[in-house]
Amino acid sequence: MTTLHQLLTDRPVIDRVTISSHQMSIYLVELILDGQPVLLRDEQGRPRMFRSLQQVKDSLAPLSIRRVLLRQDSAFHEMAGLPAQSVAAMELPLHWSREAPTGL
């Protein structure tokens, strides 16, 4: 089980962080540590939920992360009245610097 406290204590280099957006208000974090996918959990072993991308970024700011992706499932086919089907989630790379981006 991997918790935020454990990550902040051990400070591993994280190969990839994938943030899954659910209903635009719940964000779950999956990490790739030593080539293995690991879901970030709370101290009780439940998936650690965040309420915004900024909350995730603030929580993981002290860590060394090589790549960050945002995964967003699409419900378009359901909203358009099409039959339920397996639609691949959209994954977008995120800029994850601790410093403010320049030129904005």
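In this structure, the side chains of F50 and S59 come closer than 4.5 Å at one or more pairs of heavy atoms. With a 4.5 Å cut-off on side-chain heavy atoms, P62 and R11 count as touching. The side-chain heavy atoms of L4 and R48, taken from C-beta on, include a pair separated by under 4.5 Å. Under the 4.5 Å side-chain criterion, counting only non-hydrogen atoms from C-beta, L63 is not in contact with V13. For the pair L92/L69, no side-chain contact is recorded, criterion being any heavy-atom separation below 4.5 Å from C-beta on.
Residue P47 forms a side-chain contact (heavy atoms from CB on, under 4.5 Å) with just one option from L28, L40, D42, V29, and that option is L28.
Using a distance-only test at 3.5 Å, with no hydrogens or angles considered, no donor-acceptor pair links the side chain of D10 to the main chain of P12.
Hydrophobic cluster membership differs between L60 and I32, with clusters built from Ile, Leu, Val, Met, Phe, Trp and Tyr side chains linked at under 4.5 angstrom. Linking ILVMFWY residues whenever their side-chain heavy atoms come closer than 4.5 Å, directly or via other members, places I65 and V56 in the same cluster.
Salt-bridge annotation for R66 and D15: present, with a side-chain N of the basic residue lying under 4.0 Å from a carboxylate O of the acidic one.
For T2, there are no side chain to side chain donor-acceptor pair (under 3.5 Å) partners, not counting sequence neighbours. In this structure, Q55 has no side chain to side chain donor-acceptor pair (under 3.5 Å) partners at least two apart in sequence or on a different chain.
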Original post:
Can you check side-chain hydrogen bond (donor to acceptor under 3.5 Å, both in side chains) on R16 and T18, steps first, answer last?
Top reply: CA-CA 6 Å; R16 186 179 76 210; T18 302; 3.2 Å; yes
